[in-house]
Novice: 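One structure is given below, represented as structure tokens, and several questions about it will come after.
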Amino acid sequence: MKKEHANRFEQIEQREVAAKIKIDAIRAEKRRLQNREREKERKVRTKRLIEIGAVMEHVLGRPIEHGDLPALQEAIEQLEHIKDEQGRDGWLSASIFCKSSLEYIVKKSKSGEEPNSTTYAAMEDAENGENIFGPYDSVEEMMPALEQDDEENS
């Protein structure tokens with residue numbers, strides 16, 4: 001009877017060792033799968049960040065330098081947290097403003113008119129990051145003032 005118990009005990013221990021080996025193999029396979037998934041996610045994130053950087057450099061028309069990052073972050077944060085008078089978010093509002101401003105500039109440049117000193121001063125301010133947020137709350141409010149200024153300086 002003792003021999004039978006000892007034999008049975010030995011079989012159980014062998015099965016236990018085999019089960020531990022199998023568990024270790026399963027855990028190792030799980031870690032490999034998790035590592036592959038994390039690597040895949042990192043590659044997707046890296047690709048996305050590269051694409052965002054490429055778009056930003058395209059929009060700026062120059063490479064983004066490390067020193068540009070604080071100002072770029074501040075500008076993006078401002079756009080993320082503002083709403084215009086119609087309740088549109090900052091991105092949409094900025095997009096509408098830029099499109100309207102560009103249309104106005106293109107219309108003026110096609111007419112052959114030279115920009116006035118105020119426009120040149122505003123362009124210089126924009127390039128230097130000064131006086132960016134004028135006294136106007138909308139493009140509609142800004143355009144008559146620009147046109148009036150053009151008429152006064154003609």
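Everything quoted here is computed from the prediction, not taken from an experiment.
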Novice: Hey, quick one: are L69 and I52 part of the same hydrophobic cluster, counting side-chain heavy atoms closer than 4.5 Å, chains of contacts allowed?
Specialist: yes
Novice: Identify the two heavy atoms, one from E57 and one from I64, that lie closest to each other, and give their separation to 0.1 Å.
Specialist: OE2-N, 2.9 Å
Novice: Quick one, E41 and E37 - any side-chain contact, counting heavy atoms below 4.5 Å?
Specialist: yes
Novice: Assess whether atom CZ of R42 is packed by more than 12 heavy atoms of other residues, nucleotides or ligands within 6.0 Å.
Specialist: yes
Novice: Kindly compute the distance separating NE2 (H5) from CD1 (I12), expressed to the nearest 0.5 Å.
Specialist: 10.5 Å
Novice: As a quick check of understanding, evaluate salt bridge (Lys or Arg N to Asp or Glu O under 4.0 Å) for R48 and E51, giving each step before the final call.
Specialist: CA-CA 5 Å; R48 180 176 49 85; E51 290 172 341; over 6 Å; no
Novice: Could you tell me the separation between the CD atom of E10 and the CD atom of E13, rounded to the nearest 0.5 Å?
Specialist: 7.5 Å
Novice: Answer with yes or no whether the side chains of R38 and N35 bring together a donor and an acceptor at under 3.5 Å.
Specialist: yes
Novice: Output the distance between atom NZ (K20) and atom CD1 (I23), rounded to the nearest 0.5 Å.
Specialist: 8.5 Å
